[in-house]
Amino acid sequence: MPSSPGLVGPLWRSIAVFRFASLAYVGVLVLRDGSQYAHPVAAGGVLLGMLAWSGVTAVGYRRPAGRRWPLLLADLGVVLGIILATPWVVGRPALAAGVPVLTSAWLAGPVLAWAVAGGRRRGTVAALVLGGADLATRDPINPSAFTGAILLLLAGVVVGHVARLAVQAEARLQRAVELEAATRERERLARDIHDSVLQVLALVRRRGADLDGEAAELARLAGEQEAALRALIGRVDAVPEQAGADRDLRDLLDRYASTEVQVAAPATPVPLPAQAAGELAAAVGAALDNVTRHAGGRAWVLIEDEEETVTVSVRDEGPGIPEGRLAEAAAQGRLGVAQSIRGRVADLGGEVRIVSAPGAGTEIELTVPRSRRR
């Protein structure tokens with residue numbers, strides 16, 4: 001789980017404060033019970049080592065680059081070593097008489113660090129390791145020792161959960177900021193385009209509609225570009241694409257909208273993995289190219305968002321595909337349908353269904369799963 005500097009940063013600072021506060025408490029215990037220790041001088045050296053290590057971790061965890069496995073493992077190892085040295089420094093008779101262990105509450109530092117760095121699972125692992133080592137040094141094991149181990153485990157779980165929620169909140173906040181910025185920029189561009197480009201394209205389309213030849217073709221192209229631009233600026237909920245993020249299939253297929261191609265999509269986003277959305281959109285583009293070359297006239301694209309699959313239908317009102325024509329085209333090396341459409345959808349684990357009859361047009365139905373089939 002990546003550590004976010006915005007909301008997780010204060011948790012790391014709190015861990016540093018906790019280490020020094022708990023170390024002060026350990027110092028008070030050493031001064032109070034030092035006369036009962038088997039090796040009081042060694043206890044003073046251990047206390048100085050704990051102070052030095054608290055400083056090292058406070059500096060190391062301050063930077064995101066330091067919150068990785070080398071320092072996390074070293075942190076766990078240092079505290080584990082101090083726990084295992086406690087029976088020799090304090091002495092088992094003193095421990096049996098109820099003298100607190102050297103680490104006391106200070107041993108929770110690595111548990112909190114692991115929890116913030118990796119969530120509940122890492123926090124639980126660190127708590128089990130240190131809690132188990134602490135219990136192993138006690139003879140006999142009293143109820144207060146079990147209570148400390150349980151509290152250590154709860155601290156790892158709770159702090160890890162809070163850290164995970166903080167990371168998620170940071171990501172959602174960042175996405176909201178990007179959405180607001182993208183919406184404002186899109187609205188600004190929409191105003192500029194409406195006042196200039198769209199008006200010119202609409203004028204060319206109207207003036208050339210009644211003309212013949214190249215002027216009529218220019219008018220048709222202007223109309224198509226006008227429709228595409230209106231579809232592009234009309235999608236106000238689009239956000240900048242992120243690596244590994246889902247893509248809204250509506251945004252990709254809206255690019256094909258024109259005076260000859262009508263795209264019907266749900267009102268809500270149709271998310272797919274970016275690679276799958278791009279391949280499906282390319283297959284739809286290949287189907288529309290076939291409509292332009294072989295059928296002419298108008299085409300309709302329908303997006304259906306189901307629970308586990310997404311289906312896109314491309315329908316035209318052309319003459320239809322004669323029986324055996326697709327197999328004949330494949331045999332002649334023309335693999336538009338076989339590779340550009342069927343091949344792309346098959347690679348996504350989906351299916352292509354073609355329904356056509358002479359004089360009744362053609363419908364190509366492309367269905368892909370939400371996730372790649374194994």
Side chain to side chain, Glu279 and Asp347, heavy atoms closer than 4.5 Å: no
Do any N or O atoms from the side chain of Arg250 and from the backbone of Ala267 form a donor-acceptor pair under 3.5 angstrom? yes
Could you check Val310 against Arg370 for side chain to side chain contact (heavy atoms under 4.5 Å, CB included), going step by step and ending with a plain yes or no? CA-CA 7 Å; Val310 173; Arg370 287 286 185 192; 3.6 Å; yes
If I take atom CG from residue Asp316 and atom OG from residue Ser356, how far apart are they, to the nearest 0.5 angstrom? 7.5 Å
Min side-chain heavy-atom separation Arg19-Asp75 under 4.5 Å: yes
CZ (Arg175) and CZ (Arg172) are apart, to the nearest 0.5 Å, by 11.0 Å
Looking only at heavy atoms, which two atoms of Ala127 and Leu152 are closest? And how far apart? CB-O, 3.6 Å
Which heavy atom in Pro110 sits nearest to a heavy atom in Ala126, and how many Å separate them? O-CB, 4.3 Å
If Ile, Leu, Val, Met, Phe, Trp and Tyr residues are connected whenever their side-chain heavy atoms lie under 4.5 Å apart, and connections chain through other members, are Leu80 and Ile82 in the same group? yes
Does some side-chain heavy atom of Pro100 sit less than 4.5 Å from a side-chain heavy atom of Arg32? yes
Please report the C-alpha distance between Val157 and His161 in whole Å, then the side-chain angles of each, then the deciding distance to 0.1 Å, and finally whether the side chain to side chain contact (heavy atoms under 4.5 Å, CB included) criterion is met. CA-CA 6 Å; Val157 173; His161 183 64; 5.6 Å; no
Please check if atom CZ in Arg121 has more than 12 non-hydrogen atoms from other residues, nucleotides or ligands closer than 6.0 Å. no
Compare all side-chain heavy atoms of Val101 with those of Val90 and state whether any distance is below 4.5 angstrom. no
Shortest non-hydrogen contact between Ala277 and Leu272, atoms and distance: CB-CB, 4.0 Å
Please step through side chain to side chain contact (heavy atoms under 4.5 Å, CB included) for the pair Val352 and Glu365, ending with a clear verdict. CA-CA 6 Å; Val352 175; Glu365 191 176 88; over 6 Å; no
Mark yes or no: Arg122 above the aromatic ring of Trp114, with NZ or CZ under 6.0 Å from the six-membered ring centre and no more than 45 degrees from the axis. no
Side-chain heavy atoms under 4.5 angstrom apart, residues restricted to Ile, Leu, Val, Met, Phe, Trp, Tyr: same cluster for Leu51 and Val78? yes
For the CZ atom on Phe20, are there more than 12 heavy atoms of other groups (residues, nucleotides or ligands in this structure) within a distance under 6.0 Å? yes
Give a yes or no on this: more than 12 heavy atoms of other residues, nucleotides or ligands lie within 6.0 Å of atom CD of Glu308. no
How about Leu102 and Val26: do any of their side-chain heavy atoms sit closer than 4.5 Å? no
Would you say that Val345 contacts Glu351 through its side chain, given a criterion of any heavy-atom pair below 4.5 Å between the two side chains? no
What's the shortest heavy-atom distance between Val8 and Ala163, and which atoms? CG2-O, 4.3 Å
Does the pair Glu170 and Gln174 meet the rule for a side chain to side chain contact (heavy atoms under 4.5 Å, CB included), with working shown? CA-CA 6 Å; Glu170 183 80 7; Gln174 181 64 26; 5.7 Å; no
Between Ser54 and Leu23, the two heavy atoms sitting closest are OG-CD2, 4.0 Å
Return the CG to OG1 distance between Leu302 and Thr311, rounded to the nearest 0.5 Å. 9.0 Å
Does Val116 belong to the same Ile/Leu/Val/Met/Phe/Trp/Tyr cluster as Leu154, with side-chain heavy atoms less than 4.5 Å apart forming each link? no
Return the CD to CG distance between Gln275 and Leu348, rounded to the nearest 0.5 Å. 6.0 Å
Would you say that Arg255 contacts Val263 through its side chain, given a criterion of any heavy-atom pair below 4.5 Å between the two side chains? no
Identify the two heavy atoms, one from Ala287 and one from Ile364, that lie closest to each other, and give their separation to 0.1 Å. CB-CD1, 4.1 Å
According to the interplanar angle, ranging from 0 to 90°, do the rings of Trp12 and Tyr61 count as parallel (below 30°), tilted (30 to 60°) or perpendicular (above 60°)? tilted
With no hydrogens and no angle check, is any side-chain donor or acceptor of Arg67 less than 3.5 Å from a backbone partner on Arg62? yes
Hey, could you give me the CD1/OG1 distance between Ile354 and Thr362, rounded to the nearest 0.5 Å? 8.0 Å
Check whether any side-chain heavy atom of Leu112 sits under 4.5 Å from a side-chain heavy atom of Phe18, and report yes or no. yes
Indicate yes or no for a side-chain donor-acceptor contact from Tyr37 to the backbone of Ala42 under 3.5 Å, with no hydrogens or angles considered. no
Just wondering, more than 12 heavy atoms not from Arg92 lying within 6.0 Å of its CZ? yes
Asp248 side chain vs Pro271 backbone, donor-acceptor pair below 3.5 Å: no
Among the clusters formed by ILVMFWY side chains lying less than 4.5 Å apart, do Leu252 and Val312 turn up in the same one? no
Are Leu153 and Leu72 joined in one hydrophobic group, where the rule is that I, L, V, M, F, W and Y side chains link up if heavy atoms are under 4.5 Å apart? no
Spatial distance of atom CG (Leu135) from atom CG (Asn142) [nearest 0.5 Å]: 9.0 Å
